[in-house]
Amino acid sequence: MYNKRAGRALIITLFIISLLMMGAGVFGLQFFMEEANAYRQSENESEAFFLARTVEPFVNTAAEASPYVSIVEDEAVPLYYYRAPEGFTLISHSSAWDETMLRALREELLLNQHGNEINFLHELIVFPDEQDRNVLASYTMTTDTTRFVMPFPAMPNDFGISFGQGIGIIHLYGGDTVTTIAGMAASLSHEYGHLFTFYHMFNEALAAGEDLRNTEFARLRGAYMHDLITRSDRGEDYWEQRFRYLIEVAAEDFVQLMGSPTTRQVVDFVDVRQRINTAEAPETMLGARNAFPQENLMIPLANEAPGLAEYFFSFINRTPPEPVQPRQEIVLEITQRVRSFDLVAGQRIVIYYEITWNTPYDGAIYTLVTYDPANYTGWGIPIRTIRPGITASAIIGEYAVQRDGQVHFLNDNLAEGTRVFMVIAQLPDGTFFTSEKLTHTFLGEPIAPPITESEYDENGEETENAEESAESEENGD
């Protein structure tokens, strides 16, 4: 028989349980929403919230300390690691990059302009060896799982909510050979540029699995006009065409516009005339931003693209600095010169070319570079660097000098086919400007009578350039 009182008690009991469950659900939802809303606060509050959930910076002084386990699978135990106050971890597998160097690397990273995207940098790893294809660095975007445990009545003690969070990992290679902060600065800035641009500019398109052609950056950079590759994945043509990938252009733009001052390194390049007169060519082009402010020299520089600098700085609520000097016109001229030598085997005609340009910027460093427009593979070829006080000219082609009764010949093989020449001006504040591009087709035939040996000075230089030669030697060229 049905007991009304028992039934009424059961209903009341079920009602109370329902209230508890609803209250637990509301409590859990409110807790989760508070956590989520905290992430949406201002940059300072967000950073404080992030740091409150991280351990204190690790000081690797105890040999028995528990080894750091990287998020990267199958990775060897690091030799050194350092937990930065910002929350990311610097890891070293190179004996040259100990904790002191990792701390300095973190300081260098912070010299790059940055905003709240730095909270999504998870690890910065230094490897001892270079990667295949001489890759200096790489950036990986992955996902880490964050779990919030929410204890409340009527639910299991370990009840919580888990969700994935996008994070970035920077890899720097060749740590055993590149042992200075200056040597790593450009690669570090470029890879952080990937994190910055993926987070601020490409995030929505990437999340939707869309091509990047409709992003604001693609519009400002003239992606269609300059035939840039706007897909985000690395296709089969990546290694040959990476300078055309929009994601790589964006990272290079970050280095130009927001990169650390350490990236503005100068390498002094010497032309064929200097080399034949015993000047030594630089051992490496690594870090030569004076010659290559960006990998793709076929498109305008970042600060020559209207609105681009303002777009980059808008993500950190700042105004881009104005160059110390406004952009001015640099015009190149090329002149063929022909020399004749009487050798035992007969007369030898030597053809070379002198390229000159004006220097409108005070205190600027100028570097002449060239590339083949029909076979451009990135970066180009540096010819000569001119510091303040030196006449702006460079020699290409085959050059010769007569010294101690002998004639010495040297050919840089640049006076062949069709080439594009341009000058990169690096201003004292680190701003880069380019000249007008000069396209020249070399025919390989003399268009003027050769200069005779009587018109050379005792060092084998043309007499009209003797004064410049002495000036160059005085200034260490």
Side-chain angles (χ1 to χ4, degrees), residues 267-285 288 291 332-359 365-372 380-423 438 440-477:
V267 175
D268 289 287
F269 296 99
V270 294
D271 64 12
V272 64
R273 177 172 61 187
Q274 292 172 288
R275 294 204 305 271
I276 205 171
N277 285 314
T278 70
E280 293 186 4
E283 294 182 359
T284 178
M285 295 191 298
L332 283 70
E333 294 184 359
I334 185 166
T335 304
Q336 185 194 76
R337 301 199 182 278
V338 184
R339 300 172 70 169
S340 175
F341 294 89
D342 288 326
L343 305 177
V344 176
Q347 188 180 54
R348 172 77 177 274
I349 301 296
V350 174
I351 302 174
Y352 65 97
Y353 298 82
E354 183 176 18
I355 302 176
T356 58
W357 63 93
N358 59 313
T359 54
I365 295 173
Y366 301 86
T367 303
L368 176 68
V369 300
T370 183
Y371 62 84
D372 180 351
I381 300 173
I383 299 175
R384 187 183 181 188
T385 300
I386 300 294
R387 290 184 178 266
I390 303 298
T391 302
S393 71
I395 298 297
I396 64 169
E398 184 177 37
Y399 196 77
V401 295
Q402 186 171 353
R403 187 183 301 122
D404 300 328
Q406 293 183 331
V407 180
H408 303 267
F409 298 90
L410 186 62
N411 195 336
D412 59 14
N413 299 310
L414 294 179
E416 300 176 358
T418 298
R419 303 202 67 86
V420 174
F421 299 90
M422 60 190 299
V423 167
L438 172 64
H440 187 89
T441 299
F442 299 93
L443 301 176
E445 298 178 356
I447 60 176
I451 302 173
T452 63
E453 293 185 27
S454 62
E455 297 176 70
Y456 297 125
D457 63 21
E458 60 182 2
N459 294 317
E461 296 289 338
E462 299 172 25
T463 54
E464 61 181 352
N465 290 329
E467 182 178 349
E468 178 191 339
S469 178
E471 180 185 26
S472 297
E473 291 179 1
E474 182 180 346
N475 286 276
D477 271 20

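- Contact record, Asn358 with Tyr366: O-CE2, 4.5 Å, taken as the closest heavy-atom pair.
- Counting all heavy atoms, side chain and backbone alike, Ala281 lies closest to Val270 at CA-CG2, 3.7 Å.
- One finds the OG1 atom of Thr367 at 11.0 Å from the CE atom of Met422 (value rounded to the nearest 0.5 Å).
- In this structure, Ile381 and Phe269 have side chains that are not in contact, with every pair of non-hydrogen atoms separated by 4.5 Å or more.
- In this structure, the separation between CZ on Arg384 and CD1 on Ile390 is 7.0 Å, given to the nearest 0.5 Å.
- Using a 4.5 Å heavy-atom threshold, the side chains of Leu343 and Val407 count as touching.
- Nearest heavy atoms, Asp372 versus Arg419: N-NH2, 3.7 Å.
- Checked by atom type and distance alone, the side chain of Thr370 never pairs as donor or acceptor with a backbone atom of Phe421 at under 3.5 Å.
- Of all heavy-atom pairs spanning Ala415 and Gly397, the tightest one is CB-CA, 3.8 Å.
- Between the CD atom of Gln402 and the NE2 atom of His408 there is a distance of 9.0 Å, given to the nearest 0.5 Å.
- Side chain of Asp268 to backbone of Thr385: no donor-acceptor contact under 3.5 angstrom is found.
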Evaluate Trp357 against Leu438 for side-chain contact (heavy atoms from CB on, under 4.5 Å), listing each step before the verdict.
CA-CA 11 Å; Trp357 63 93; Leu438 172 64; over 6 Å; no
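- With a 4.5 Å cut-off on side-chain heavy atoms, His440 and Leu332 do not count as touching.
- Of the inter-residue distances, the one linking Thr359 atom OG1 with Ile365 atom CD1 reads 13.0 Å to the nearest 0.5 angstrom.
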Apply side-chain contact (heavy atoms from CB on, under 4.5 Å) to residues Ile383 and Leu414 and explain how you reach the verdict. CA-CA 9 Å; Ile383 299 175; Leu414 294 179; 4.0 Å; yes
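- How far CZ of Arg348 is from CG of Asp342: 12.5 Å, rounded to the nearest 0.5 Å.
- Listed here is the closest heavy atom pair of Val272 and Asn411: CG2-N, 4.4 Å.
- Between Glu398 and Ile351, the closest side-chain pair of non-hydrogen atoms is not below 4.5 Å.
- A cation-pi arrangement, defined by a distance under 6.0 Å to the six-membered ring centre and an angle within 45 degrees of its axis, is present between Arg339 and Tyr399.
- No donor-acceptor contact under 3.5 angstrom links the side chains of Ser393 and Thr356, judged on distance only.
- For Ala394 against Asp271, the heavy-atom pair with the smallest separation is CA-OD2, 3.4 Å.
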